[in-house]
Amino acid sequence: MKSRGLSTPLKALVLALVIVTASVAIVLMERGAVSRPQGITQITKPWLDQQLVAWKPSKNGSLIFGAFFQQASYGNLEYAYNDMAVQQADLRMLLATGVSCIRIDIGYAPWLQGNQTAINEMSALVSDIREAGKCLVIADAASETYRNGHQIPWTQFQQAWIQRVRTLASLYHPDYYIVVKEPGWYVALVSDSRSNPQFLNATVWLNLTDALASAVLSVSPATKVGVSVAASSIAGANSRFYDAYLAGVSQSKYVSFVGFDIYDVTGFLSTQGYLESYGVGNKAIWIAEAWSGDGPTVFNASRAQLDSEWLLALYYFAQMIHAEAVMPFYTNLFASYSLEGNLANSSETVSLFQQRTPAFYEFRGIISSANATS
């Protein structure tokens with residue numbers, strides 16, 4: 001792996017990339033509502049079978065294994081069926097995999113709206129995670145208010161973002177904080193994202209990233225701060241933006257890790273190619289989000305065996321790229337493929353969280369085997 005920023009010509013290239021303003025729109029890569037750039041290919045069983053051979057390590061190693069806590073994330077706390085019994089059933093299921101970290105993408109609407117009930121629930125869930133001896137990963141989820149008709153301008157959005165991460169870091173002191181969840185994910189939340197050229201300016205994003213990380217560290221100095229990018233985007237139409245952004249992040253004194261979010265063949269290959277060509281300086285590498293696909297087809301139970309095989313391939317790939325951490329995203333599918341959407345009631349949902357799918361057993365087996373080798 002080549003380290004970025006070591007030679008004078010490379011430093012000049014990095015500087016040129018950082019100061020250039022990206023001239024193409026960032027593709028929205030929002031989970032569940034995805035606009036895909038051309039060339040992305042879906043993960044299939046024949047492709048997985050091939051990669052399981054190509055990526056298999058000579059000896060398995062241990063990683064930071066994490067899981068996404070869906071019922072506590074985004075706007076889910078505000079659904080009527082999603083009471084504490086449901087949230088705790090989800091958490092118990094995740095803990096049963098043996099993961100060392102739980103990731104929550106904390107939606108900030110309760111703080112903006114003064115919803116103390118939801119805030120208290122979040123605090124209780126964080127306490128449950130700590131009491132279970134697990135590390136806490138917070139990832140930025142902005143606020144559902146910005147998505148549902150209350151978008152705000154880019155300048156205002158940045159200031160609100162800094163305040164948001166400072167508030168959550170001061171409350172929960174996470175072990176890790178992903179302060180940027182895929183730059184393109186924010187397009188739908190910012191009222192002038194498609195008209196304000198500063199939204200497409202890599203330098204603006206780098207300055208914002210340092211401000212976000214600095215805000216977290218000012219109230220929680222032991223927290224390690226990172227960013228994520230949609231892996232399929234870094235080699236697509238927006239590669240100039242991502243080259244500039246990642247080059248700058250690799251030089252940041254505040255950022256500890258860089259995450260690649262992988263949901264397709266292009267995501268795997270783009271991540272591998274980028275790291276082999278450039279690296280991320282001395283930053284740790286994370287697969288901060290991943291699943292075997294995206295969109296509605298993800299919840300098709302006919303994919304159960306594919307998802308199980310994909311998890312093993314993901315583990316092999318993580319070792320090949322020397323990743324520090326790997327965190328599957330659609331982890332409700334560890335319990336049931338019927339958990340998507342607004343379910344009828346709490347008891348129905350809790351019962352679904354008692355179930356287990358092949359992906360659960362595969363992930364639990366991977367973690368157990370990896371830990372045995374450490």
Side-chain angles (χ1 to χ4, degrees), residues 31-32 64-79 81-111 117-144 164-165 168-169 171-179 181-182 185 223 226 228 259 261 286-291 298-299 307 311 325-337 339-343 346 349-350 352-357 359-360 363-364 367:
R31 305 280 73 81
I64 298 172
F65 291 100
F68 171 58
F69 190 179
Q70 183 168 331
Q71 298 307 124
S73 297
Y74 300 97
N76 288 336
L77 290 185
E78 300 182 51
Y79 288 127
Y81 80 94
N82 189 34
D83 57 18
M84 281 298 290
V86 170
Q87 296 158 28
Q88 290 172 340
D90 185 2
L91 181 57
R92 286 193 299 271
M93 182 272 293
L94 297 176
L95 294 175
T97 64
V99 292
S100 55
C101 293
I102 300 294
R103 166 178 165 162
I104 309 179
D105 294 17
I106 300 181
Y108 200 60
W111 283 264
T117 299
I119 293 172
N120 291 343
E121 288 181 357
M122 182 61 67
S123 297
L125 292 169
V126 169
S127 294
D128 289 342
I129 292 167
R130 296 296 194 192
E131 289 174 8
K134 305 302 180 182
C135 86
L136 174 66
V137 181
I138 294 178
D140 183 61
S143 170
E144 293 303 306
R164 177 168 69 246
V165 300
L168 295 179
L171 284 172
Y172 301 126
H173 301 284
D175 299 273
Y176 303 94
Y177 203 137
I178 299 171
V179 292
K181 173 196 157 65
E182 304 177 6
W185 184 82
T223 297
S228 289
D261 298 349
W286 280 33
I287 301 176
E289 295 181 22
W291 201 257
V298 165
F299 308 102
D307 289 340
L311 277 164
V326 60
M327 298 188 180
F329 189 79
Y330 287 115
T331 46
N332 276 4
L333 300 182
F334 288 161
S336 171
Y337 286 79
L339 275 164
E340 175 64 9
N342 300 336
L343 300 179
S346 171
T349 310
V350 168
L352 288 172
F353 274 115
Q354 312 310 312
Q355 300 179 21
R356 300 290 183 264
T357 65
F360 172 91
F363 195 47
R364 186 178 68 175
I367 295 171

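Heavy atoms only: backbone and side chains are in, while hydrogens, waters and symmetry mates are out. Keep in mind it's a predicted model, so treat the numbers as computed, not measured.
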Worksheet item: Given side chains that start at C-beta, do those of Y172 and T223 come closer than 4.5 Å, heavy atoms only?
Response: no

Response to the item:
Taken in chain and number order and not counting sequence neighbours, the residues that satisfy side chain to side chain contact (heavy atoms under 4.5 Å, CB included) with T357 are Y337, A359, F360

Worksheet item: CG of L339 to CG of L352: how many Å apart, nearest 0.5 Å?
Response: 4.5 Å

Which atom pairs, donor and acceptor, lie under 3.5 Å between side-chain atoms of residues 90-102 and protein residues at least two apart or in another chain?
| unit_1 | atom_1 | unit_2 | atom_2 | d |
| --- | --- | --- | --- | --- |
| D90 | OD2 | Q71 | N | 3.2 |
| T97 | OG1 | L94 | O | 2.6 |
| T97 | OG1 | V99 | N | 3.4 |
| S100 | OG | F65 | O | 3.2 |

Fill in: P328 vs L311 side-chain heavy atoms within contact, under 4.5 Å
yes

Fill in: Straight-line distance of H173 NE2 to I138 CD1, nearest 0.5 Å
10.0 Å

Worksheet item: Taking only residues at least two apart or on different chains, which pairs with a member in residues 122-143 satisfy ring-ring contact (aromatic ring centres under 6.0 Å, His included)?
Response: none

Practice prompt. Nearest 0.5 Å please: distance from the CG atom of L125 over to the CD atom of Q88.
Written response: 6.5 Å

Practice prompt. Applying salt bridge (Lys or Arg N to Asp or Glu O under 4.0 Å), run through D175 and K134 and close with a yes or a no.
Written response: CA-CA 10 Å; D175 299 273; K134 305 302 180 182; over 6 Å; no

Item to complete: Applying salt bridge (Lys or Arg N to Asp or Glu O under 4.0 Å), name anything that partners E121, two or more places apart in sequence or on another chain.
Response: none

Item to complete: Please name the pair of heavy atoms, one in I129 and one in C135, separated by the smallest distance, quoted to 0.1 Å.
Response: CG2-O, 4.0 Å

Fill in: Counterpart residues, side chain to side chain contact (heavy atoms under 4.5 Å, CB included), relative to A85 (two or more places apart)
D83, S346, V350

Fill in: Sequence-distant partners of R364, salt bridge (Lys or Arg N to Asp or Glu O under 4.0 Å), two or more places apart
none

Practice prompt. Mind checking side chain to side chain contact (heavy atoms under 4.5 Å, CB included) for A109 and listing every partner two or more places apart, or none if nothing turns up?
Written response: E78, Q113, S143, T145

Practice prompt. Would you give the length of the straight line joining atom CG of L77 to atom CE of M122, rounded to the nearest 0.5 angstrom?
Written response: 4.5 Å

Practice prompt. Using modelled atom types only, decide if a donor and an acceptor are shared between the side chain of Q87 and the backbone of N82 within a distance under 3.5 Å.
Written response: yes

Worksheet item: Residues in salt bridge (Lys or Arg N to Asp or Glu O under 4.0 Å) with D128, at least two apart?
Response: none

Response to the item:
Distance col, row Y79:OH vs T349:OG1, nearest 0.5 angstrom, shows 12.5 Å

Item to complete: Using the test ring pair (Phe, Tyr, Trp, His ring centres under 6.0 Å), find all partners of F68 that sit at least two apart in sequence or belong to another chain.
Response: F329

Response to the item:
Sequence neighbours excluded, the answer for side chain to side chain contact (heavy atoms under 4.5 Å, CB included) partners of F299 is Y330, L333, E340

Worksheet, complete the sentence: Only residue of V137, D261, V326 satisfying side chain to side chain contact (heavy atoms under 4.5 Å, CB included) with W286 is V137

Practice prompt. For S228 and A288, work out which heavy atoms get closest and say how close.
Written response: OG-CB, 3.3 Å

Fill in: ring pair (Phe, Tyr, Trp, His ring centres under 6.0 Å) partners of F69, counting only residues at least two apart
none

Discussion item. Looking at every heavy atom in both A124 and M84, which two are closest together, and how far apart are they?
Written reply: CB-CE, 4.1 Å

Discussion item. Which residues pass the side chain to side chain donor-acceptor pair (under 3.5 Å) test with Y108, not counting sequence neighbours?
Written reply: T167

Worksheet item: Do you know the tightest heavy-atom contact between A141 and G107?
Response: CB-N, 4.0 Å

Practice prompt. Just do the side chain to side chain contact (heavy atoms under 4.5 Å, CB included) check on L171 and V126 with the steps written out, would you?
Written response: CA-CA 10 Å; L171 284 172; V126 169; over 6 Å; no

Fill in: Residue pair A142 / W185: nearest heavy atoms and the distance that separates them
CB-CZ3, 3.9 Å

Practice prompt. Answer whether the closest heavy-atom distance between the side chains of F363 and T331 falls below 4.5 Å.
Written response: no

